[in-house]
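Scroll down for the structure; my scribbles are underneath it.
We count ligands from 1, going down the list as the structure has it; atoms in each ligand are counted the same way.
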Amino acid sequence: MDYFLTEEQQMIVDVARQITDELIIPQRAELDEKEEFPHEILGAIAQADLFGLYVPEKYGGYGGGCFEIVLALEQFGRGCVGVATSYAASALGIYPVLLSGSEEMKDKYLPEIVSGTKRAAFALTEANAGSDASGIQTTAVLDGDEWVLNGTKQWITNGGEAQIYTVVAITDKSKGARGASMFVVEDTDPGFSYGPKEKKLGIRASATRELVFKDCRIPKDRLVGRKGMGFIMVMKTLDLSRPGIAALGVGLGQAALDEAVVYAKQRVQFGRPIISFQAVQHMLADMAIEVEASRALVYNAAKHIAAHPESMSKASSMCKVFATDMAMKVATDAVQVLAGYGYMREYPVEKMMRDAKILQIYEGTNQIQRNVIGQELNKEYTRNS
Ligand code: COS
């Protein structure tokens, strides 16, 4: 379907598609097998100027927003969600600076992200704070001109591969959600170290590690925005970022559909290609409808968010749920269409099925997204009644 992209938006799609076809797809099986971080591919993405899509021009970026990064992520997700996650996590990690950082902080960090010389990561999750994000226990205490951080963050995407970390820590335990603050920690800061790389079911090209802060001292001015606003920043950051995860779902769903159709056309059983059987046709038709419906919702949600940053939550959570549940279903159906071959590593659909699962979990489980949507509906209908 035609989404009437501008010439510039079409160019983003074309460049991201070329990187996906020429670099990501040929390497994805090996990166997955070896659990290898995609340094070379991220370098190519940087060279193609795609790291600054959402960054204002005055910091060297392209000056786009949520929709532009969604377009790139859909293409990268079509190739490999592991590689795409490594790219997306850098945006997630720098969004707090973009949304709430001082001018000095933006001048320092955004150009490094745009050029691809540095990557970012977002550190919220802890062993006892997953869905319950306000349950974090990492602390930050002001000591003279420095903040001192103590605690451990878990399952941090780009952990060990990023140089800039936005870290949420408690600065006043008595204030609940208003007692958390956001900080920038650099990889070279004293008292900061990593746990070993996690072994995962899918997205194995991406790096996931613990971050350990043991009397980690950082300068006072690394506080992002105001003290006590950390949890609100987390919520806004995730609102802005979740359409990107939805876009990965669209890309993965499209890739799984493509594989299933190509296979069904050439696989002959009972003397004819299996695509001629209605049972298979109906599966493919449903997959195609679901991918296209997801794309339409994700594009619209991303455009809404770019135009109305004051009301991101519902659109963001709706597209995240819909497109990632779709990705899981479509990838599972693609494995079913390829059947025995689909289950083998020789074909890419088993990896797509493994990769799809995380989309329903990270950046807020799809159950949490439904809570957010429900709460937003409650507020809307209270306002309108
Ligand atoms: N934008 C701005 N502010 C928001 C917000 C949003 N989207 N959502 C909540 N807030 C504010 C609330 O208004 C409230 O502010 P006040 O202190 O002024 O009242 C504060 O944040 C706390 O909100 P709430 O009480 O709703 O927080 P809960 O502890 O109930 O948590 C959920 C809400 C479950 C939605 C939140 O914890 C969440 O998103 N969890 C999932 C975390 C996640 O995605 N983890 C993945 C790891 S990152 S890869």
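Between Met105 atom CE and Leu98 atom CG the span is 12.5 Å, to the nearest 0.5 Å. For the atom pair Ser134 OG and Ile170 CD1, the distance stands at 8.0 Å (nearest 0.5 Å). Separating the CD1 atom in Ile94 from the CZ atom in Phe122 is a distance of 11.5 Å, to the nearest 0.5 Å. Interatomic distance, Ile69 CD1 to Tyr54 OH, rounded to the nearest 0.5 Å: 5.5 Å.
Nearest protein neighbour of atom 42 (C) of ligand 1, counting heavy atoms only, is Gly130 O, 3.7 Å. The closest protein non-hydrogen atom to atom 38 (C) of ligand 1 is Met235 CE, 3.6 Å. In this structure, atom 35 (C) of ligand 1 lies nearest to the protein heavy atom Val372 CG2, 3.8 Å. The protein atom (non-hydrogen) at minimum distance from atom 26 (O) of ligand 1 is Gln375 OE1, 4.7 Å.
When the options Tyr362, Phe122, Phe231 are ranked by their closest heavy atom to atom 27 (O) of ligand 1, first place goes to Phe231. Here atom 14 (C) of ligand 1 lies nearest to Ile232 when heavy atoms of Val168, Thr125, Ile232 are compared.
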(request) Give the C-alpha distance, both sets of side-chain angles, the deciding distance and a yes or no for salt bridge (Lys or Arg N to Asp or Glu O under 4.0 Å) between Arg178 and Asp172. (result) CA-CA 8 Å; Arg178 292 287 177 149; Asp172 188 343; over 6 Å; no

(request) Run the numbers on Tyr165 and Phe183 for ring pair (Phe, Tyr, Trp, His ring centres under 6.0 Å), then give the verdict. (result) CA-CA 8 Å; Tyr165 294 81; Phe183 301 90; over 10 Å; no

(message) Determine whether Lys329 and Asp286 satisfy the following criterion, salt bridge (Lys or Arg N to Asp or Glu O under 4.0 Å), listing intermediate values before the conclusion.
(response) CA-CA 10 Å; Lys329 178 179 177 295; Asp286 283 341; 5.4 Å; no

(message) Using side-chain hydrogen bond (donor to acceptor under 3.5 Å, both in side chains), reason through Glu363 and Ser241 one step at a time and then give a plain yes or no.
(response) CA-CA 8 Å; Glu363 295 204 16; Ser241 178; 2.8 Å; yes

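At under 3.5 Å, a nitrogen or oxygen of Gly364, whether backbone or side chain, sits near a nitrogen or oxygen of ligand 1. Every N/O-N/O distance between Asp132 and ligand 1 stays at or above 3.5 Å. Considering backbone and side-chain N/O of Ser131, one or more are found under 3.5 Å from N/O of ligand 1.
Using a 4.0 Å cut-off to heavy atoms of Leu238, the atoms of ligand 1 that qualify are 43 (C), 44 (O), 48 (S). Residue-ligand proximity, Asp239 to ligand 1, at heavy-atom distances under 4.0 Å covers atoms 1 (N), 6 (C), 7 (N). Taking a cut-off of under 4.0 Å to the non-hydrogen atoms of Ala133, the atoms of ligand 1 that pass are 37 (O), 42 (C).
Not a single heavy atom of Lys320 sits closer than 4.0 Å to an atom of ligand 1. Using a non-hydrogen distance threshold of 4.0 Å, Asn371 does not register as a contact of ligand 1. Heavy-atom separations between Gly176 and ligand 1 are all 4.0 Å or longer.
Side-chain contact annotation: Glu112 with Tyr59, donor-acceptor N/O pair under 3.5 Å absent.
Using a 4.0 Å threshold on non-hydrogen atoms, atom 22 (C) of ligand 1 counts as touching the protein. At a distance under 4.0 Å, no protein heavy atom can be found next to atom 30 (O) of ligand 1. When distances from atom 18 (O) of ligand 1 to the protein are checked, a heavy atom turns up under 4.0 Å. For atom 40 (N) of ligand 1, a protein non-hydrogen atom is found at a distance below 4.0 Å. Shown here, atom 7 (N) of ligand 1 is in close reach of the protein: a heavy atom of it lies under 4.0 Å off. In this structure, atom 33 (C) of ligand 1 has its sub-4.0 angstrom surroundings free of protein heavy atoms.
Exactly one of Asp32, Leu252, Val81, Ile203 qualifies for a side chain to side chain contact (heavy atoms under 4.5 Å, CB included) with Lys351. That residue is Asp32. Evaluated for a salt bridge (Lys or Arg N to Asp or Glu O under 4.0 Å) with Arg204, the options Glu36, Glu35, Glu30 yield exactly one hit, Glu35.
Phe37 and Leu211 fall into different hydrophobic clusters, where Ile, Leu, Val, Met, Phe, Trp and Tyr residues are linked whenever their side-chain heavy atoms come under 4.5 Å apart, directly or through other members. Ile113 is connected to Tyr62 through a chain of hydrophobic side-chain contacts under 4.5 Å among Ile, Leu, Val, Met, Phe, Trp and Tyr, so both are in one cluster.
The proximity of Glu126 to ligand 1, defined as any non-hydrogen pair under 4.0 Å, does not occur for either the backbone or the side chain. Residue Glu363 touches ligand 1 through backbone and side chain together, judged by heavy-atom distances below 4.0 Å.
Using a 4.0 Å cut-off between charged side-chain N and carboxylate O, Asp14 and Arg17 make a salt bridge.
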